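Presented below is the structure to which this report refers.
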Amino acid sequence: GEDVEQSLFLSVREGDSSVINCTYTDSSSTYLYWYKQEPGAGLQLLTYIFSNMDMKQDQRLTVLLNKKDKHLSLRIADTQTGDSAIYFCAERLNDYKLSFGAGTTVTVRA
Amino acid sequence: EAGVAQSPRYKIIEKRQSVAFWCNPISGHATLYWYQQILGQGPKLLIQFQNNGVVDDSQLPKDRFSAERLKGVDSTLKIQPAKLEDSAVYLCASSLALVGYEQFFGPGTRLTVL
């Protein structure tokens with residue numbers, strides 16, 4: 001299957017942590033990705049995790065992967081106004097195509 | 001290093017008209033992708049090139065969409081004739097090679113079909 005599902009909206013107070021969740025269906029996915037899209041811009045790769053890892057940390061970003069439940073999450077610590085954007089979860093399928101979720105719109109309020 | 005360039009950034013046409021989009025990938029990137037992103041959805045791959053050859057065009061509506069990458073560098077995506085449901089952002093991306101490399105995205109062309 002190629003369905004990647006995400007919650008559509010997240011509102012978070014500046015300075016708090018944001019957690020964006022994603023579920024995917026293809027258990028053979030090798031890489032899972034988080035992309036960020038700001039208004040009027042293309043997608044920017046934020047981070048990725050290989051399927052044999054449980055966790056990856058990169059500065060304010062923490063990715064958790066539960067392969068058994070096919071669940072991926074992205075935690076942004078100390079969320080800033082510049083983090084307001086749409087965040088896409090994507091899985092790399094066996095034929096090397098990327099399958100994207102519909103995106104989670106994150107709004108950071110002061 | 002210059003990023004992926006796309007033009008035009010915006011295009012408004014009437015249904016049944018034709019339109020073409022242009023993409024210039026990052027220098028040296030062998031793989032080029034065209035995605036369609038409908039409002040409220042994630043990008044969907046339309047076609048993927050490796051140099052000037054098509055790797056995957058299974059999601060391209062071939063009755064109206066065509067794409068080429070003649071010299072293995074720039075690419076054009078054409079829609080002829082356009083339908084209302086073609087209104088979307090068309091994203092071009094490139095990567096160094098087919099497997100295991102990050103895809104870099106351009107800013108996209110926003111198409112509105114009236």
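This one's a predicted model, so the numbers in the text were calculated from it and none came from an experiment.
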Is it the side chain or the backbone of [X] that comes within 4.5 Å of chain A heavy atoms, both, or neither?
{"X": "B/Ser58", "answer": "side chain"}
{"X": "B/Tyr33", "answer": "neither"}
{"X": "B/Arg110", "answer": "neither"}
{"X": "B/Gln103", "answer": "both"}

Practice problem: Name the region of A/Gln37, side chain, backbone, both or neither, that has any atom closer than 4.5 Å to a heavy atom of chain B. | Solution: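 The answer is the side chain of A/Gln37.
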Quiz item: So which part of A/Tyr48 gets closer than 4.5 Å to some heavy atom of chain B, the side chain, the backbone, both or neither?
Solution: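 Neither part; nothing is under 4.5 Å.
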Quiz item: Can you tell me how far the OH atom of A/Tyr33 sits from the CD atom of B/Glu102, to the nearest 0.5 Å?
Solution: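 Going from OH on A/Tyr33 over to CD on B/Glu102, the span is 9.0 Å.
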Self-check item: From A/Leu98 atom CG to B/Gln48 atom CD, the distance as rounded to the nearest 0.5 Å
Solution: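 Spacing of CG (A/Leu98) from CD (B/Gln48) equals 8.5 Å.
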Answer whether the closest heavy-atom distance between the side chains of [X] and [Y] falls below 4.5 Å.
{"X": "B/Phe105", "Y": "A/Leu45", "value": "no"}
{"X": "B/Leu91", "Y": "A/Leu43", "value": "yes"}
{"X": "A/Phe88", "Y": "B/Pro43", "value": "yes"}

Self-check item: disulfide bond (SG atoms under 2.5 Å apart) pairs, two or more places apart, involving residues 34-71 of chain B
Solution: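 Non-adjacent pairs meeting disulfide bond (SG atoms under 2.5 Å apart): zero.
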Exercise. Look at atom NZ of B/Lys11 and say whether more than 12 heavy atoms of other residues, nucleotides or ligands are closer to it than 6.0 Å.
Key: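 Counting other residues, nucleotides and ligands, NZ of B/Lys11 stays at 12 neighbours or fewer.
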Exercise. For B/Leu39, look at atom CG and say whether over 12 heavy atoms of other residues, nucleotides or ligands are found less than 6.0 Å away.
Key: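 No, CG of B/Leu39 has 12 or fewer neighbouring heavy atoms, counting only those of other groups under 6.0 Å.
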Quiz prompt | Hydrophobic cluster (4.5 angstrom, side-chain heavy atoms) - remaining members for A/Met55 | solution =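 A/Leu64, which link up through side-chain heavy atoms under 4.5 Å apart, make up the rest of the cluster.
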